[in-house]
Colleague: 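Got a structure for you, questions after.
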Amino acid sequence: MTRDGDVEGLAAARLWAASKFPYLATGLFGAQVSADPGSGTVSVDEGWRMRADPELTAGWSAAQLGSVLIHHVCHLLRVHGERAQGVGVRPDESPRWIRAADAEINDDLIPAGLDLPGQPVLPRDLGADDGLLAEQYFAGIRWAAMAGGGSGAGTETRSVSKGPGDAAGAWLDCGSGADGVPRPGQGQDGLPRWQADLLRRQVAQDVIAHGKRPGAVPAGLLRWAEEVLHPKVDWRAVLAAELRRAVAEVSGAVDYSYRRPSRRSSVTAPVVLPALRRPVPQVAVVCDTSGSMTDDLLAMVLAEVEGLLRALGLARQVRVLACDTAAGPAQRVSSARQVQLVGGGGTDMGTGIAAAAALRPRPGVTVVLTDGYTPWPGVPPKGMRVVVGLLGEQAPEAPSWARAVRVEP
Ligand SMILES: [Zn+2]
């Protein structure tokens with residue numbers, strides 16, 4: 001792969017984009033762009049790396065390439081990759097999800113001057129109103145596909161084999177930054193998550209600052225910025241999404257492969273979807289039982305976790321550990337009500353995580369429920385995803401290597 005300079009017209013495209021959408025400039029310049037000859041698309045991954053086929057972009061104006069850059073930055077700002085995993089989008093559905101995500105981006109940026117090549121997806125193409133979220137557009141498409149029955153299945157197979165471009169223009173495989181499904185050869189390095197979060201917050205502040213001038217920023221983007229800076233989250237939904245994502249990552253880590261068919265392969269060839277033989281992950285729940293925790297809150301959240309795991313079909317794989325400075329014995333329980341919360345005193349969730357990691361069979365996912373007043377290990381446990389439920393409004397941050405959800409009663 002080659003660097004920035006090999007994408008002809010990139011500088012002019014960035015200039016166009018930064019002057020047309022100044023409130024997104026920080027994001028625009030935070031993304032790394034490299035040439036990817038023969039890919040037939042311009043895509044982005046969750047590490048803020050864009051890859052562009054120079055042969056494709058050579059035919060575009062500065063406005064068109066600049067618009068594609070802006071469009072992709074918006075996939076990243078709106079964390080479409082994570083959200084796809086959050087709603088449980090299967091790889092064979094990811095072309096549909098990308099259309100839904102595109103509609104969320106395009107509905108107010110196209111009226112604001114975004115000049116995408118091809119036929120970009122708008123909500124009306126999906127039979128929906130403007131101003132909705134990708135999840136809502138996607139639910140509509142999913143429903144329509146199910147209601148479509150037999151003939152619909154054939155159409156879907158074709159659209160999968162063609163890639164997400166579908167009717168929307170052939171360049172449009174927006175990449176793993178749009179659907180969270182890693183593409184072959186995209187590599188691991190890229191912008192670390194914490195830096196991506198900082199960048200997102202910075203852009204949100206820029207959007208709010210520009211938005212003080214009426215009409216300067218599209219309304220949908222202002223709503224996005226407000227939500228980033230002052231999130232009104234439903235912690236149950238976030239916790240469910242995090243758990244589902246962790247479980248999907250663990251069960252997918254072993255033998256789950258999805259190779260996007262080559263754009264050059266015949267579209268009439270039958271499509272073989274990946275065989276989904278997923279190992280069922282073990283789950284551990286580590287409960288902070290130190291004196292600073294209130295039993296009621298912990299019991300409520302534990303019950304919630306139990307319900308979520310049952311919904312994922314994992315209730316039988318769950319073991320619960322009570323932990324203050326030393327982790328208590330693991331209990332295999334069938335109900336949160338059976339957990340004996342021993343403890344009180346100091347806290348070290350590192351001990352609890354180590355105890356979870358020592359269980360056999362080893363859990364692939366560990367949920368830690370804590371008020372956050374605890375030391376944490378400097379590095380994540382090997383081969384285990386950790387989801388932290390931070391209980392109480394004042395809870396300090398969880399370590400950056402863990403996925404944290406703030407639980408507020
Ligand atoms: Zn897109």
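Bear in mind the structure is a predicted one, so any value in this text is a computation, not a measurement. Start at 1 with the first residue, then count along the sequence. Both counts, for ligands and for their atoms, begin at 1 and track the order of listing.
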Colleague: Would you mind checking if D197 and R200 are paired as a salt bridge, meaning a charged N to carboxylate O distance below 4.0 Å?
Modeller: yes
Colleague: Do the non-hydrogen side-chain atoms of W376 and I353 ever get within less than 4.5 Å of each other?
Modeller: yes
Colleague: Would H75 and D179 count as having a side-chain donor-acceptor pair, cut-off 3.5 Å?
Modeller: no
Colleague: Which one of L321, V386, V387, V285 satisfies the side-chain contact (heavy atoms from CB on, under 4.5 Å) criterion with V368?
Modeller: V386
Colleague: Answer yes or no as to whether an N/O/S atom of H75 is found below 2.8 Å from the Zn ion (ligand 1).
Modeller: yes
Colleague: Examine H72 and say whether one of its N/O/S atoms is closer to the Zn ion (ligand 1) than 2.8 Å.
Modeller: no
Colleague: Check D102 and report its N/O/S atom nearest to the Zn ion (ligand 1), by atom name.
Modeller: OD1
